[in-house]
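Contents: one structure, followed by commentary.
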Amino acid sequence: MTGWTADRQANVQADELLGQASRCAALRAARLSRRRFLGAAVGFAAAMGMVAASGRRVLAAEGPGGLLVLPRGRDVALVSPDGTEDRVIVSLQPGEFIADVTLSPDRTRVAFGFFTARTGDGPGGSDIVIAPVEAGTERTVVVPRDRPGMLLAAPQWSPDGSALVFEAVGLTTTGQAGVTIDWVAADGTGRRTIAQSARYPSFSPDGRVVISTRALPTGDALWEHPANGGMPREIVPEGQFLVLTHPRYSPNGAQIAFAGVADALPPLSPLSPLPSAPAAPASPKLLPAGLWSAAPVSPLALRGVLAHGFPAEPWVISAAGGDPRPLAQMAVDDAAVAWSPDGGWLAVSGASGLFMVNASDGSARRVAEVGSFGSIDWR
């Protein structure tokens with residue numbers, strides 16, 4: 001079996017799994033992540049080959065320091081902010097994929113969602129894996145999936161490198177949809193749930209709280225949860241954004257950045273029909289033809305399809321709350337964000353490459369043409 005065939009089979013198996021889960025409203029949030037990510041892996045690998053062959057790379061002028069870690073299909077790449085260093089530190093086999101990645105505070109280890117869907121493995125799923133930066137083949141599964149089809153992904157290190165938070169998406173033992181944010185020590189012990197119906201977790205700089213998103217019928221919301229238990233706090237209410245993903249505190253804890261799609265849909269009831277059926281769109285990428293029919297369509301389902309197709313922009317909000325503001329006028333497909341260690345820059349990565357955005361004036365430069373799909377990190 002060729003690598004391409006194995007990848008395609010893995011994509012089909014992953015789509016079947018997510019198709020089952022998407023029937024549950026609580027798993028609506030999965031619309032942006034694994035199905036699209038895995039479906040893009042083969043084409044993305046081909047694009048990487050073309051870029052490597054051409055030798056083209058767009059370099060930023062002066063910029064920040066540190067290193068970025070990016071998920072690129074079956075690879076984890078370590079990239080310098082100016083684009084001069086770009087090397088693969090983890091490379092997986094056909095049928096395996098990286099679902100989000102994070103770099104430890106001391107830059108010696110990476111943690112990532114490790115998706116597998118080989119023949120005989122059932123529907124497939126992902127585990128949380130840690131690997132040393134300088135020996136990526138030495139991998140340790142710190143959180144194995146506890147049942148078939150579970151997707152464990154979006155890990156983020158605690159500020160002291162002693163623990164991780166991550167999302168768990170799948171069906172419970174009773175067959176109900178389940179989406180949680182969990183905490184675990186870096187050695188795999190002490191796993192516990194921090195938040196229900198939440199995704200894309202990230203620690204505050206002091207490690208005391210965790211931010212995450214919630215997918216609701218009228219749009220995504222941003223919440224903060226005490227890491228050791230306590231009352232959560234809403235930062236961005238539902239209804240302002242159709243999509244809100246990958247929230248990250250600035251290094252000083254004063255701001256939160258995220259990738260967002262501003263919501264232009266009316267707050268209709270999830271069970272009410274659309275007023276009328278518009279003409280079929282020119283691009284099937286955004287709205288499949290089957291959605292545009294005379295039959296009533298749930299606005300909840302419509303929002304899911306729209307979010308799946310629309311690019312996102314980088315946004316910033318005060319950690320205390322208030323009105324979020326767009327940081328830069330750019331739209332990136334499958335966008336993820338990360339702050340520079342000094343807090344002066346924001347990395348935005350997605351299908352169209354890696355961009356450096358000045359946090360003061362919103363000016364942006366592309367530093368790499370090779371895209372990525374999933375959570376990124378910058379240390």
Close side-chain approach of [X] to [Y], heavy-atom, < 4.5 Å:
X	Y	answer
Val165	Ile194	yes
Ile235	Ile317	yes
Arg107	Asp377	no
Gln156	Phe166	no
Phe112	Pro71	no
Pro341	Trp378	yes
Val133	Leu103	yes
Trp223	Ile211	no

Indicate yes or no: does Glu167 engage Arg214 in a salt bridge with an N to O separation below 4.0 Å.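 Salt bridge flag = no for Arg214 with Glu167.
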Are the charged groups of Asp86 and Arg72 less than 4.0 angstrom apart, N to O?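 Here Asp86 pairs with Arg72 in a salt bridge, since their nearest N and O are under 4.0 Å apart.
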Looking at [atom1] of [X] and [atom2] of [Y], how far apart are the two atoms once the value is rounded to the nearest 0.5 Å?
X	Y	atom1	atom2	answer
Leu354	Ser349	CG	OG	5.0 Å
Glu85	Leu67	CD	CG	5.5 Å
Glu224	Met231	CD	CE	12.5 Å
Phe203	Thr102	CZ	OG1	10.0 Å
Asp146	Arg191	CG	CZ	5.5 Å
Ser202	Ile181	OG	CD1	10.5 Å

Has the side chain of [X] got a donor or acceptor atom that lies under 3.5 Å from a matching backbone atom of [Y]?
X	Y	result
Asp127	Arg145	yes
Trp315	Ala328	no
Ser375	Asp100	no
Ser104	Arg109	yes
Asp75	Ala77	no
Ser212	Pro201	no

Less than 6.0 angstrom from the centroid, inside 45 degrees of the normal: does Arg192 satisfy that with respect to the ring of Trp183?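 Flagged: Arg192 positioned over aromatic ring of Trp183.
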Does one hydrophobic cluster hold both [X] and [Y], with members joined at side-chain heavy-atom distances below 4.5 Å?
X	Y	answer
Leu152	Ile130	yes
Phe241	Ile256	yes
Leu78	Ile98	yes
Val332	Leu70	no
Val316	Trp345	no

For Arg233, does the CZ atom sit with more than 12 other heavy atoms under 6.0 Å from it, leaving out its own atoms?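 Yes, the 6.0 Å shell around CZ holds more than 12 heavy atoms from other groups.
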Taking all non-hydrogen atoms of both residues into account, name the closest pair between [X] and [Y] and its distance.
X	Y	value
Ala364	Met330	CB-SD, 4.2 Å
Glu238	Glu234	N-OE2, 4.1 Å
Ser204	Pro159	O-CG, 3.4 Å
Gly65	Pro81	O-CG, 3.5 Å
Ala131	Val90	CB-CG2, 4.3 Å
Glu138	Pro132	O-CD, 2.9 Å

Side chain to side chain contact (heavy atoms under 4.5 Å, CB included) for Asp82 and Val367? Distances and angles first, verdict last. CA-CA 6 Å; Asp82 63 0; Val367 299; 5.9 Å; no
Assert yes or no for the condition that the ring centre distance of Tyr249 to Trp339 is strictly below 6.0 Å.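 Not under 6.0 Å, so no.
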Please find out if less than 6.0 Å separates the ring center of His246 from that of Phe258.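 Ring centroids of His246 and Phe258 are no less than 6.0 Å from each other.
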Could you walk me through whether Val76 and Val69 satisfy the side chain to side chain contact (heavy atoms under 4.5 Å, CB included) test, starting with their C-alpha distance in whole Å, then the side-chain angles of each, then the deciding distance to 0.1 Å, before giving a yes or no? CA-CA 7 Å; Val76 173; Val69 64; 3.4 Å; yes
Polar side chain donor-acceptor pair, Gln196 to Thr180, under 3.5 angstrom: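 Their side chains do not contain a donor-acceptor pair, so the 3.5 Å distance test is not met.
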Which side-chain N or O atoms in residues 318-327 pair as donor and acceptor under 3.5 Å with protein atoms at least two apart or in another chain?
residue: Ser318; atom: OG; partner: Ala320; partner atom: N; Å: 3.2

